[in-house]
Amino acid sequence: MKLRLDRILTSQGLCSRKEAGIAIKKGKVLFNGRVLKSPKDKISTESLIITFDNTSYTYTEHIYIMLNKPAGYECSDAPVVHPSVKDLLTPIHRHRNIMSAGRLDVDTTGLLLFSDDGQFIHNIASPKKHLSKVYQAILDKPLNHQDANRLLKGVRLENDAKLAIALDVQGIDTNTVLITIDEGRYHQVKRMFLAVGNSVIKLHRQQIGDLVLPQELPLGSWMDLDVNLLGLK
Ligand code: URA
């Protein structure tokens, strides 16, 4: 694909269109090691290396990252009480208009994906893709077999006609379970446990599709995501 030089800079989240024009005209940007001074000229973005502010970047059409979300951050661009999860990312991410693929509650921790690729965001969230999400839930009370079976058969959530079904429920210790769902309804896991007379004290998402939150990714940190690891169909 061929793109204008100033467009290339802005698409990578490096600066505004105006700043790009000025920097290119001043010869401050290298494209594959060469100074090109006409912002409107088009070049191929294939394997393109851009050097800007003494740092080199490989052009990417889209970015995909995963965050280990800590508690106390809102999945919103207009957070009300707490900071936005986007505050944990870089200015480059924010300039690229990165969005989270679905949301986690402010007190939920764990795996949260981001991208500037609208189709990808849609695929992660779309119920049609049946991408499973595994949560570790610490419960107020131990979960008995009967209630685990009710979750597997499907429970009715308040103000929601459609049953919410758990694909898997596994006990870890007395009050801790792993629950797998393939939807993302509002407060879904918490409401499912409420439907069987229990409540969630702590919630952590540890897996989306085939992708397990890497143990080496500390809470509050992000890393690049290889989308193939999700096992999306
Ligand atoms: N279900 C919830 O109840 N909360 C989350 O943050 C995610 C799933």
Side-chain angles (χ1 to χ4, degrees), residues 66-88 99-115 120-213 219-220 230-233:
M66 55 177 137
L67 172 77
N68 186 355
K69 179 192 173 294
Y73 285 83
E74 293 182 29
C75 289
S76 163
D77 284 342
V80 183
V81 179
H82 302 275
S84 164
V85 277
K86 289 191 185 174
D87 291 354
L88 297 164
M99 291 192 315
S100 70
R103 290 173 175 223
L104 291 177
D105 297 336
V106 68
D107 55 350
T108 302
T109 57
L111 185 58
L112 185 62
L113 309 183
F114 290 84
S115 180
F120 171 79
I121 300 279
H122 173 78
N123 287 346
I124 298 293
S126 168
K128 287 190 192 141
K129 294 281 173 185
H130 295 292
L131 198 63
S132 61
K133 285 111 189 167
V134 183
Y135 294 87
Q136 186 182 91
I138 300 180
L139 303 173
D140 182 38
K141 295 182 282 190
L143 188 75
N144 59 39
H145 281 296
Q146 206 182 353
D147 290 340
N149 281 333
R150 283 173 67 197
L151 291 167
L152 291 166
K153 281 195 182 129
V155 287
R156 201 167 293 287
L157 308 179
E158 213 179 307
N159 300 325
D160 207 331
K162 197 171 158 249
L163 287 183
I165 300 172
L167 303 181
D168 192 26
V169 181
Q170 275 182 49
I172 301 290
D173 59 39
T174 34
N175 286 38
T176 309
V177 295
L178 286 184
I179 178 167
T180 306
I181 56 174
D182 68 356
E183 297 178 291
R185 287 188 244 170
Y186 182 64
H187 294 329
Q188 180 162 342
V189 173
K190 291 174 185 166
R191 288 161 72 213
M192 286 175 78
F193 283 106
L194 280 178
V196 295
N198 211 323
S199 58
V200 172
I201 291 171
K202 248 183 168 185
L203 193 60
H204 175 80
R205 183 156 68 190
Q206 62 180 48
Q207 188 170 345
I208 298 178
D210 295 343
L211 176 75
V212 178
L213 179 68
L219 213 55
L230 285 163
L232 258 176
K233 284 167 197 102

statement: Shortest non-hydrogen pair, Ser84 vs Ser76, comes out as OG-O, 3.0 Å

- prompt: Is there a side-chain contact between Met66 and Phe114 (heavy atoms, below 4.5 Å)?
  reply: no

- prompt: With sequence neighbours excluded, what pairs up with Thr109 under the side-chain hydrogen bond (donor to acceptor under 3.5 Å, both in side chains) test?
  reply: His204

When the side chains of residues 154-163 are checked against the rest of the protein, which donor-acceptor pairs come out under 3.5 Å, sequence neighbours left out?
unit_1: Arg156; atom_1: NH1; unit_2: Ala161; atom_2: O; d: 2.3
unit_1: Asp160; atom_1: OD1; unit_2: Arg185; atom_2: NH1; d: 3.3
unit_1: Asp160; atom_1: OD2; unit_2: Arg185; atom_2: NH1; d: 3.0
unit_1: Lys162; atom_1: NZ; unit_2: Glu183; atom_2: OE2; d: 2.7

task: Answer yes or no: is there a side-chain heavy-atom contact under 4.5 Å between Leu213 and Asn68?
output: yes

message: Is the shortest side-chain heavy-atom distance between Leu194 and Val200 below 4.5 Å?
response: no

query: What distance separates Asp168 CG from Ser132 OG, expressed to the nearest 0.5 Å?
result: 9.5 Å

message: Would you compute the distance between atom NZ of Lys202 and atom OG1 of Thr176 and round it to the nearest 0.5 angstrom?
response: 10.0 Å

message: Suppose we screen for side-chain contact (heavy atoms from CB on, under 4.5 Å). Which residues come up paired with Asn149, at least two apart in sequence or across chains?
response: Leu152

query: Got more than 12 heavy atoms from elsewhere within 6.0 Å of CZ, Arg103?
result: no

- request: Taking the side chain as every heavy atom from C-beta outward, state whether Pro70 and Val85 have any pair of such atoms under 4.5 Å apart.
  value: no

- request: Could you tell me the separation between the CG atom of Leu178 and the OG1 atom of Thr180, rounded to the nearest 0.5 Å?
  value: 7.0 Å

Just list the side-chain donor-acceptor pairs under 3.5 Å for residues 136-144, sequence neighbours left out, or say none.
unit_1: Lys141; atom_1: NZ; unit_2: Gly197; atom_2: O; d: 2.8
unit_1: Asn144; atom_1: OD1; unit_2: Gln146; atom_2: N; d: 3.3
unit_1: Asn144; atom_1: OD1; unit_2: Asp147; atom_2: N; d: 2.7

field: For Asp182, all residues meeting salt bridge (charged side-chain N to carboxylate O under 4.0 Å, His left out), sequence neighbours excluded
entry: none

query: Does Tyr135 have any side-chain hydrogen bond (donor to acceptor under 3.5 Å, both in side chains) partners at least two apart in sequence or in another chain, and if so, which?
result: Arg205

query: Ile181 versus Val189: any side-chain heavy-atom pair under 4.5 Å?
result: yes

- line: Closest non-hydrogen contact found for Pro83 with Gly72 is CD-O, 3.5 Å

- line: Quick note, salt bridge (Lys or Arg N to Asp or Glu O under 4.0 Å) partners involving residues 124-137, not counting sequence neighbours, are none

query: CG of Leu112 to CG of Leu104: how many Å apart, nearest 0.5 Å?
result: 5.0 Å

message: How long is the straight-line distance from CG of Asn123 back to OG of Ser115, given to the nearest 0.5 Å?
response: 10.5 Å

field: With sequence neighbours excluded, residues passing side-chain contact (heavy atoms from CB on, under 4.5 Å) with Val106
entry: Glu74, His82

message: Using the side-chain contact (heavy atoms from CB on, under 4.5 Å) criterion, which residues pair with Asp105? Sequence neighbours excluded.
response: Asp107, Thr108, His187, Lys190

query: Atom CG in Leu211, atom CG in Leu232: separation rounded to 0.5 Å?
result: 10.5 Å

- prompt: Residues two or more places apart in sequence or in another chain: which of them pass salt bridge (charged side-chain N to carboxylate O under 4.0 Å, His left out) with Asp77?
  reply: Lys86

Heavy-atom side-chain proximity of Cys75 to Lys69 below 4.5 angstrom: yes

